[in-house]
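I have placed the structure first, in the form of structure tokens, so that the comments after it can refer back to it.
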Amino acid sequence: MQELVNIFEAYLSKSTRIFSNKEALTSKFTPGKILHREEEITALAQILSPSLKMEKPSNVFIYGKSGTGKTLVTTFVCNQLENFSKKKGKGVKVLYTNCKMRKVADTEYRLIASLCRKLGRNLPATGLPTYEIYKNFFELLDREERIYILILDEIDRLVKKCGDEVLYNLVRVNSELKKAKVSIVGISNDITFKTRLDSRVLSSLGEEEIIFPPYDAIQLTEILSERAKIAFREGVLEEGVIQKCAAYAAREHGDARRALELLRIAGEIAEREGSLKVLERHVDLANEKMEREAVIEVVKKQPLQSKILLFSLIKSNRKKQKVYSGDLYDEYVNFCKMIGIKPLTQRRVSDLLNEFDVLGLINNKVISLGRYGRTREINLSIPQNLVEEVEKILKVGLGI
DNA sequence: AGGTATTCACATGAAACTATTCTCTGAGTTAGG
DNA sequence: TAACTCAGAGAATAGTTTCATGTGAATACCTGT
């Protein structure tokens with residue numbers, strides 16, 4: 001017991017040398033003031049404020065790439081709204097759901113069930129018909145006179161997976177309810193997402209639109225500095241560290257989340273090294289680490305068939321730079337036969353390749369070779385220095 | 001030469017199928033009165 | 001008779017197959033000069 005306390009004490013005192021409040025660098029943290037989003041904040045607040053008079057606000061669509069502050073701004077505004085309404089004795093209630101969360105809210109059934117859960121009723125994860133879930137949901141909503149604001153984060157994922165039926169139902173809920181009213185704030189990374197929607201849904205859901213532009217390097221620097229003031233002890237950041245983080249992130253469409261993470265990891269590396277300062281060198285290391293982990297973790301998590309496919313892909317890539325889907329499929333089938341596993345169809349492999357593309361492991365380009373058909377040109381986008389490590393992981397995963 | 005048609009080798013889309021996980025229901029069984 | 005058990009029916013879901021349709025441009029095939 002005694003010794004453990006010492007260990008913990010040592011850890012505590014050590015960890016405070018660099019950080020004073022590491023939380024401030026995570027996406028959970030809501031800063032006191034949100035920089036460079038004044039316009040968006042007022043726009044959203046104006047759109048939603050009719051709720052304070054118990055009128056249903058317009059539905060809103062919010063677009064912007066990842067790390068542009070969509071979620072932050074939305075939750076900020078909605079929290080303020082909820083608090084204000086509570087003070088004034090009005091019944092505005094905000095329900096936030098992230099539609100991407102696997103096994104939580106990524107299908108029609110699960111989304112509605114998770115909303116019910118937020119309203120205080122637990123429903124089974126499966127087994128009930130969907131209409132039953134809706135019935136529960138309506139019942140819960142209509143208990144009292146209220147304005148509900150549903151925030152559906154990463155709504156594009158939901159639609160991609162399950163179609164827009166859910167949205168259609170949600171848009172219509174107001175006609176089913178007697179006391180309560182519901183308006184929807186949809187947040188999406190994908191601007192083209194609109195085109196996949198049914199026109200009825202679109203016209204109702206897209207009543208208002210707010211677009212979040214990416215941050216530029218200067219804005220990122222300011223955001224980082226502000227957070228760093230809270231997160232780090234004074235004077236531990238070397239000149240140029242923040243600029244460097246901002247520059248790395250600006251290269252990636254101005255993703256503030258990434259910039260913050262980079263800064264945090266740089267700090268952690270410095271800390272582990274026992275350094276008293278975070279140096280620019282640490283940022284480079286952090287960037288390397290992030291890139292590496294992005295690849296390695298993804299590869300590890302792949303199911304068997306995907307691993308086989310990826311392995312075949314690396315092998316083909318060794319032989320020649322340009323890999324075409326047809327050749328890859330042959331290679332893959334051969335390899336499956338070799339290790340005695342039933343190969344998937346070409347159709348499925350095609351989808352898996354698309355998934356790899358989304359994960360950033362490869363780069364697909366559909367090209368036409370005229371008379372010689374149409375195919376996909378596949379480029380491995382795993383950095384050279386990681387390919388070997390990836391291969392090793394795959395070999396272990398496949399038992400060879 | 002210039003224009004149209006064909007053709008290849010896949011891509012892409014939609015639907016259906018399989019296996020798994022979960023709930024609900026109701027018949028049959030058991031234990032207690 | 002009330003409580004319990006357990007099989008079977010019905011749902012949702014992930015992962016896949018089957019069937020159908022789409023596609024871009026190099027080549028083949030015309031046509032008229």
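Because only heavy atoms are used, hydrogens play no part in the values below, and waters and symmetry mates are left out as well, while side chains stay in. A, B, ... follow the sequence lines: proteins, then strands. Residue 1 opens every chain.
Between the side chain of A:Arg371 and the base of C:dG24, no donor-acceptor pair of N or O atoms lies under 3.5 Å. No hydrogens or angles were tested; on distance alone, nothing pairs the side chain of A:Arg348 with the base of C:dT16 as donor and acceptor under 3.5 Å.
For the side-chain contact (heavy atoms from CB on, under 4.5 Å) test, residues two or more places apart in sequence or in another chain that qualify with A:Gln346 are A:Tyr329.
Between C:dT16, C:dA12, C:dC19, one nucleotide has an atom nearer to the side chain of A:Thr130 than all others, and that is C:dA12. Considering only the side chain of A:Arg374, C:dT23 comes nearest among C:dT23, C:dA12, C:dT13. The side chain of A:Gln305 lies closest to C:dT16 when the candidates are C:dA14, C:dT16, C:dT23. Across B:dT23, B:dC10, C:dT18, the shortest atom-to-atom separation from the side chain of A:Pro124 is found for B:dT23. Here the nucleotide nearest the side chain of A:Leu128, chosen from B:dC10, C:dT27, B:dT23, is B:dT23.
Residue A:Glu108 is out of contact with every strand shown, counting any heavy-atom pair closer than 4.0 Å. A:Asp327 comes within 4.0 angstrom of no nucleic acid atom, judged by non-hydrogen atoms across all strands. In this structure, A:Lys365 reaches neither bases nor backbone, as no heavy-atom distance under 4.0 Å exists between it and the strands shown. Nucleic acid contact for A:Leu344: sugar-phosphate only, since backbone atoms but no base atoms lie under 4.0 Å from a heavy atom of the residue.
Atoms CG (A:Leu111) and C1' (C:dA12) sit 15 Å apart, rounded to a whole Å. Atom CD of A:Gln346 and atom P of B:dT12 are 12 Å apart (whole Å). A:Tyr109 places its OH atom 21 Å from the P atom of B:dT20, with the value rounded to the nearest Å. In this structure, CD of A:Glu132 is placed 11 Å from C1' of C:dA11, rounded to the nearest angstrom. Counting to the nearest Å, the C1' atom of C:dT13 and the CZ atom of A:Arg110 are 6 Å from each other. One atom, NZ of A:Lys135, and another, P of B:dT23, lie 18 Å apart when rounded to the nearest Å. One atom, CG of A:Asn136, and another, P of B:dC24, lie 11 Å apart when rounded to the nearest Å. Atom P of nucleotide C:dT16 and atom CG of A:Leu309 are separated by 11 Å, given to the nearest angstrom.
Comparing A:Ser368 and A:Arg376, the nucleotide of DNA chain B nearest to each residue sits closer to the 5' end for A:Ser368.
Using a cut-off of 4.0 Å between Lys/Arg side-chain N and Asp/Glu carboxylate O, A:Arg258 and A:Glu261 are scored as not salt-bridged. A salt bridge is absent between A:Arg281 and A:Glu238; no separation between the charged side-chain nitrogens and carboxylate oxygens falls under 4.0 Å. The pair A:Asp284-A:Lys244 counts as a salt bridge, with a side-chain nitrogen and a carboxylate oxygen less than 4.0 angstrom apart.
The side chain of A:Tyr372 places an N or O atom within less than 4.0 Å of a non-bridging phosphate oxygen (OP1 or OP2) of C:dT27. OP1 and OP2 of C:dT21 both lie 4.0 Å or more from every side-chain N or O belonging to A:Arg347. Within the 4.0 Å cut-off from OP1 or OP2 of C:dT17, at least one side-chain nitrogen or oxygen of A:Thr345 is found. One finds no side-chain N or O of A:Ser325 lying less than 4.0 angstrom from the OP1 or OP2 phosphate oxygen of B:dC10. Between A:Lys342 and C:dT16 there is no side-chain polar atom (N or O) within less than 4.0 angstrom of OP1 or OP2. Put simply, A:Asn354 has a side-chain N or O that comes within less than 4.0 Å of OP1 or OP2 on B:dT12.
Taking all atoms of both residues into account, the shortest heavy-atom contact from A:Tyr134 to A:Ile112 is CE2-CD1, 3.7 Å.
Between A:Phe232 and A:Phe19, the distance separating the two ring centers is shorter than 6.0 angstrom.
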